[in-house]
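All remarks here apply to the structure that follows.
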Amino acid sequence: SYQNTGIERFDDDWDYVSYAKAILDQGIWLTDISKIPGDASIITPGFPLILASIFYVFGENYLAVFIVNSIISTITVFAIYGLGKNIFNFRVGLLSSAWASLYILFIYYIPTCLKEIWLLFFITISVYFITIDIKVNKLTWRTGVSAFVFSLLIHIDERFFVFFPLFIGL
């Protein structure tokens, strides 16, 4: 069972959980960040907001988080298929999605309350939508979706902000 001490390999999942609980207790604008135990006060708010949303809908149920992680991983595999197909061809899309479905870290991070599944999902979706518009050489609603998804990505992990010039240059 999932206990309040973190799983064997990760302890930072409880920082995200405590931040999400604080969001549910104090509202989306945290008035007292000192009430968050551990290192939760130094993490970005993006993933705790996602986690708080899952807790809000399903209650504090970690199985629901794991099921949502599974669904997001599955959508990511389909997005990888679309990305490979758009950039190269059907066979590359199929091969890349097959390879991604067997990628061990998809399975490894599903039963956690960590942001890694969501990071890969947001970067893949963002690149997928931008490549469609690059291929037709036209700005459409997908460009806006890509920008929005990229902004969600940098609110989950600020290190991805280094890719900002790449998205602006496209």
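Here the structure is a predicted model, which means the values were calculated and not measured. Heads up: numbering here begins at 1 and tracks the sequence.
Note that CG of L83 is 9.5 Å distant from CD1 of I125, once rounded to the nearest 0.5 Å. With rounding to the nearest 0.5 Å, the separation of CG in L24 from OH in Y56 is 9.0 Å. Taking CZ of F66 as the start and CD1 of I54 as the end, the distance is 10.5 Å to the nearest 0.5 Å. For the atom pair CG (L63) and OG (S70), the distance works out to 9.0 Å, reported to the nearest 0.5 Å. Atom CD1 of I110 is separated from atom CD1 of I67 by 11.0 Å, given to the nearest 0.5 angstrom. In this structure, CD1 in I117 is found 8.5 Å from CG in L105, a value given to the nearest 0.5 Å.
Within a 6.0 Å radius of CZ in F78, no more than 12 heavy atoms belonging to other residues, nucleotides or ligands are found.
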Quiz item: Going through the checks in order, is the side-chain contact (heavy atoms from CB on, under 4.5 Å) test met by F129 and F148?
Solution: CA-CA 11 Å; F129 280 125; F148 177 72; over 6 Å; no

Quiz item: Hey, mind stepping through I87 and V92 against side-chain contact (heavy atoms from CB on, under 4.5 Å) and telling me if it holds?
Solution: CA-CA 9 Å; I87 294 175; V92 171; over 6 Å; no

Practice problem: Could you walk me through whether F58 and E60 pass side-chain contact (heavy atoms from CB on, under 4.5 Å), step by step? | Solution: CA-CA 7 Å; F58 299 107; E60 193 180 327; over 6 Å; no

Practice problem: In sequence, state the C-alpha distance, the side-chain angles, and the governing distance for N69 and I72, and then conclude on side-chain contact (heavy atoms from CB on, under 4.5 Å). | Solution: CA-CA 5 Å; N69 281 348; I72 293 300; 5.6 Å; no

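Counting all heavy atoms, side chain and backbone alike, I156 lies closest to T44 at O-OG1, 2.6 Å. Contact record, A20 with P48: CB-O, 3.6 Å, taken as the closest heavy-atom pair. Between C113 and Y16, the closest heavy-atom pair is O-CD1, 3.6 Å. Across all non-hydrogen atoms, the minimal contact from G84 to S96 is CA-OG, 4.2 Å. The two residues Y128 and A79 have their closest heavy-atom pair at CD1-O, 4.0 Å. Pairing each heavy atom of K135 with each of N86, the nearest pair is NZ-O, 2.8 Å.
At least one side-chain heavy atom of P45 sits less than 4.5 Å from a side-chain heavy atom of Y19. Side-chain contact between F160 and F122 is absent, with no heavy-atom pair separated by less than 4.5 Å. Within the 4.5 Å cutoff, the side chain of V17 has heavy atoms near those of the F55 side chain.
Of the charged side-chain nitrogens involved, at least one lies within less than 4.0 Å of a carboxylate oxygen, so that D157 and K115 count as a salt-bridged pair.
In this structure, a donor-acceptor pair under 3.5 Å is present between the side chains of S126 and S146. Under 3.5 Å, the side chains of D13 and T112 contain no donor-acceptor pair of N or O atoms.
Each of I134 and V136 belongs to its own hydrophobic cluster when Ile, Leu, Val, Met, Phe, Trp and Tyr are linked at side-chain heavy-atom distances under 4.5 angstrom. Under the 4.5 Å side-chain heavy-atom criterion for ILVMFWY residues, a single connected hydrophobic cluster contains both F88 and V77. Linking ILVMFWY residues whenever their side-chain heavy atoms come closer than 4.5 Å, directly or via other members, leaves L102 and I71 in distinct clusters. Residue I75 is grouped with residue V57 when hydrophobic side chains (ILVMFWY) are merged at heavy-atom distances under 4.5 angstrom, including chains of intermediate members. Taken together through direct or relayed side-chain contacts under 4.5 Å among Ile, Leu, Val, Met, Phe, Trp and Tyr, L120 and Y81 form parts of separate hydrophobic clusters.
Between F47 and W118, the ring-plane angle classifies as tilted under the 30° and 60° cut-offs.
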